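On a predicted model such as this, the values are computed, not experimentally measured, just so you know. Every chain is numbered from 1, with letters handed out A, B, ... down the list of sequences.
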Number of protein chains: 2
Amino acid sequence: MTMETAKTTPERPYHHGDLRRAILSAALDVIAAEGPSALSLRDLARRAGVSHAAPAHHFKDRTGLLTAIAAEGHALLSAALTEATDLRDAGVHYVRFAREHPAHFQVMFTPELLRENDLELTTARALTADRLRQAVSDRVPEPGTDPRLAGVAAWSLAHGFATLLLGHNLDAAVGDQDPEEVFRTLTGMLFQPPSA
Amino acid sequence: MTMETAKTTPERPYHHGDLRRAILSAALDVIAAEGPSALSLRDLARRAGVSHAAPAHHFKDRTGLLTAIAAEGHALLSAALTEATDLRDAGVHYVRFAREHPAHFQVMFTPELLRENDLELTTARALTADRLRQAVSDRVPEPGTDPRLAGVAAWSLAHGFATLLLGHNLDAAVGDQDPEEVFRTLTGMLFQPPSA
DNA sequence: GCGACAACTTGACACTGACAAGATTGCCCG
DNA sequence: CGGGCAATCTTGTCAGTGTCAAGTTGTCGC
């Protein structure tokens, strides 16, 4: 009795509701606001209204939680890349993903925080790599360019832009323009120079 | 008595020797190996053979220590960029800096870990920005290209390449080649296309 | 030599991640 | 329908951490 469980959502597998999801999204909030180092399992438990050891049951570890976030991020990113029409558009989607899911993005590319041998993570990561390769190979190759190297170039450009953007290092340069639009013109400048 | 202080180095201001430097370099080791989140002030104190609160006297905070590292990193980077002969060479120096000082690099671009209003940091950071702008402006501009945008492009490319490299995301693509050489050919591919 | 100051120590407190052991709940199978 | 059973969650505990406050020691100028 006295269980005012307020089951507004129809889906509610067991005791608490979807605790795993609740902790995940609370974690994403914290990371987006204050970075992964500010993440505390006990704080997440408090926010979800459960005891301090509850999160461990779903994620085992702090590392486990972060690994789950990274895997989810790769799933989201690979899905986004699938929608790209060409290489430049893939870059735009990459930047958009970083802006819409900054916490995922940051965790995905901070290997010290992750369980590198995690199965879910490695498969999700492989899928992303596949989508990237595909986006590069779809592009009509200029004669004499190594496609692998072109892939590294494109990835570096998009990743660097996204990273600097999230770190507020481009605030002055971008101003009030749409970052995606800036990136688009930027790729146009590099990949199809005025002389062509 | 019983003070076997082993003063091999002539410079040794006071009690311990250069404790500040000792803690800094120990911190750099830890960060390079296991990332900033694995950093523990007490562990650093242990390594230096001092009590657990000693580091606080030199850096006040964990944040203070990381801020000092970031400032030092910017000093090193701006010095490296000063030696660059042209824009491409600046990129090469940028990548080299990231490889030779991975701990500095990582901390410099993780704003959540830093005291953003620190004077030493902001001035050091401004110097780096200056060097970057200078490297861009030294380049002969193609007609009709916004120099600011070109700067963002160049920085994004170098930063993305360096970041992905440190995160071991380019291991397969680079193989046993020299990363700096890969970066050089990569910039050649983008900034002066075969059609020119 | 003495006073003041910087460098360091000692002690304490609240917080954290992790582990172990117990309690509770929903579910499945008979 | 009911009894076990496994998944979910709680409680208790431990070592380790950052940070603050107060004391101690060495050093240098006067």
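Shown here is A:Glu120, whose CD atom has no more than 12 heavy atoms of other residues, nucleotides or ligands within 6.0 Å.
The side chain of A:His57 has D:dC9 as its nearest neighbour among D:dC9, D:dT17, C:dT9. The side chain of B:Leu41 approaches D:dG18 more closely than any other nucleotide in the set D:dG18, D:dT11, C:dG17. Set against C:dT9, D:dT11, D:dT17, the side chain of B:Ser40 has D:dT17 as its closest nucleotide. Distances from the side chain of A:Ala53 to the nucleotides D:dT19, C:dC8, C:dA20 place C:dA20 closest.
Residue-to-nucleotide contacts include no donor-acceptor pair under 3.5 Å from the side chain of A:Arg20 to the base of D:dT8. The base of D:dG16 is not paired with the side chain of B:Arg42 by any donor and acceptor separated by under 3.5 Å. Checked by distance alone, A:His52 brings a side-chain donor or acceptor within 3.5 Å of a matching partner on the base of D:dG12.
B:Leu44 comes within 4.0 angstrom of no nucleic acid atom, judged by non-hydrogen atoms across all strands. Across all strands, A:Asp61 comes closer than 4.0 Å only to sugar-phosphate atoms, never to a base (heavy-atom distances). Using a 4.0 Å heavy-atom cutoff across all strands shown, B:Arg62 reaches sugar-phosphate atoms only and no base atom.
The phosphate of D:dC9 (OP1 or OP2) has a side-chain N or O of A:His58 nearer than 4.0 angstrom. The side chain of A:Ser51 places no N or O atom within less than 4.0 Å of a non-bridging phosphate oxygen (OP1 or OP2) of D:dT11. Phosphate proximity of C:dT16 to A:Arg46: present, with a side-chain N or O under 4.0 Å from OP1 or OP2.
Within the 4.5 Å cutoff, no side-chain heavy atoms of A:Asp61 are placed close to those of A:Thr67. Looking at A:Val182 and A:Leu170, their side chains never come closer than 4.5 Å, going by heavy atoms from C-beta outward. A heavy-atom distance below 4.5 Å is not found between the side chains of A:Asp86 and A:Asp138.
The interatomic distance linking A:Phe59 (CZ) with C:dC19 (C1') rounds to 19 Å, in whole Å.
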Exercise for the section: Show your working on ring pair (Phe, Tyr, Trp, His ring centres under 6.0 Å) between A:His93 and A:Phe183 and close with a plain yes or no. Expected result: CA-CA 11 Å; A:His93 276 83; A:Phe183 180 76; over 10 Å; no
